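For reference, the structure discussed in these notes is given below.
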Amino acid sequence: METHAQAHPIVIAPSLLSCDFARIAEEVRRVEESGGDWHHVDVMDGHFVPNLTIGPPVVAKIHATATRPLDVHLMITDPDGYAEAFAKAGAHALTFHAEVRDTTWKQRTTIARFRDVGVEVVGIALNPDTPVERIAGIVDDVDLVLVMSVFPGFGGQKFMPEVLPKVEWLRARGYTGRIEMDGGLDPETLPRCAAAGADTLVAGSAIFGAPDMTERIALLRTAAREARAH
Ligand code: DX5
Ligand code: ZN
């Protein structure tokens, strides 16, 4: 478990969903040379979301190349069944969706499972239409809450500002873990996430689509720090 004594340093997590999958090792290195903090890895099973991406063997290959932590976002219906495989593949942070574990008891079971298999940063994610109260029973037991700002499944969608009150609610309630946001973050929307209380910021198209990745990551980081300071 991470310690939560102070505000967490800003983490910029480029989403590999937007990378060139034919050159994944080079893309991982490019992200690191450009100043990315964590690699955000989107795992989709074709059931929870209408898209399929990658599984544990590919995550293990990414881990073999990476020197930065892997932030694995599980958009799958059976997080418990795959927890061990993703932990062994090298997931530093492992996040499951509240929609597939929809009671406090089920959420608690999954959190315990993730800890049993040695996950360091245990996260729970909320779709845009899932109320934050759905995780009230376990929120102090997770290291990270991922507030989705698009419906998961695809990169390049438009940011949904109506989810920002969930971040404010968590901070007002005294939640001290990491709050991550994912979906449609760019130089304009990302500072709004940081101002609301998010510290872990995922961006796919805004980073991989930038003419200069180093410059874009630096700009996002500065914008987040400034937004947080106000
Ligand atoms: C969406 C994924 C995101 C996605 C974000 O289902 O969870 O991580 O890669 O992409 P952008 O930043 O392009 O919205
Ligand atoms: Zn994601």
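Computed from a prediction, not measured in an experiment: that's the story for all the values here. Just follow the structure's listing: the first ligand is 1, and inside any ligand the first atom is 1.
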* Go through the steps to decide whether Asp186 and Arg216 satisfy the test salt bridge (charged side-chain N to carboxylate O under 4.0 Å, His left out), and finish with yes or no. => CA-CA 9 Å; Asp186 63 21; Arg216 179 57 54 90; over 6 Å; no
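Counting only heavy atoms from C-beta outward, the side chains of Thr130 and Glu99 approach each other to under 4.5 Å. Annotation: side chain of Phe159 is in contact with side chain of Cys193 (closest heavy-atom distance under 4.5 Å). Side-chain contact between Ile207 and Met213: present, with at least one pair of heavy atoms (C-beta onward) separated by less than 4.5 Å.
Among all heavy-atom pairs drawn from Ile135 and Gln107, the shortest one is CA-OE1, 3.9 Å.
Comment: Arg30 does not engage Glu26 in a salt bridge, judged by the lack of any side-chain N to carboxylate O separation of less than 4.0 angstrom.
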Tabulation required: pairs of a nitrogen or oxygen in ligand 1 and a protein nitrogen or oxygen under 3.5 Å; columns are atom names and distance to 0.1 Å; otherwise 'none'.
residue: ligand 1; atom: 6 (O); partner: Gly153; partner atom: N; Å: 2.7
residue: ligand 1; atom: 7 (O); partner: Asp42; partner atom: OD1; Å: 3.0
residue: ligand 1; atom: 7 (O); partner: His73; partner atom: ND1; Å: 3.3
residue: ligand 1; atom: 7 (O); partner: Asp182; partner atom: OD2; Å: 2.9
residue: ligand 1; atom: 8 (O); partner: His40; partner atom: NE2; Å: 3.3
residue: ligand 1; atom: 8 (O); partner: Asp42; partner atom: OD1; Å: 3.2
residue: ligand 1; atom: 8 (O); partner: Asp42; partner atom: OD2; Å: 2.8
residue: ligand 1; atom: 8 (O); partner: Asp182; partner atom: OD1; Å: 2.7
residue: ligand 1; atom: 8 (O); partner: Asp182; partner atom: OD2; Å: 3.0
residue: ligand 1; atom: 9 (O); partner: Ser15; partner atom: OG; Å: 2.8
residue: ligand 1; atom: 9 (O); partner: Asp42; partner atom: OD2; Å: 3.2
residue: ligand 1; atom: 12 (O); partner: Gly204; partner atom: N; Å: 2.7
residue: ligand 1; atom: 13 (O); partner: Gly156; partner atom: N; Å: 2.8
residue: ligand 1; atom: 13 (O); partner: Ser205; partner atom: N; Å: 3.0
residue: ligand 1; atom: 13 (O); partner: Ser205; partner atom: OG; Å: 2.4
residue: ligand 1; atom: 14 (O); partner: Gly184; partner atom: N; Å: 2.8

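A side-chain donor from one of Ser15 and Asp42 sits under 3.5 Å from a side-chain acceptor of the other.
Using a 30° and 60° split on the angle between ring planes, His92 and Trp38 fall in the perpendicular class, above 60°.
Distances from the Zn ion (ligand 2) under 2.8 Å pick out these protein N/O/S atoms: His40 NE2, Asp42 OD1, His73 ND1, Asp182 OD2.
Atom CZ of Arg228 has more than 12 heavy atoms from other residues, nucleotides or ligands within 6.0 Å.
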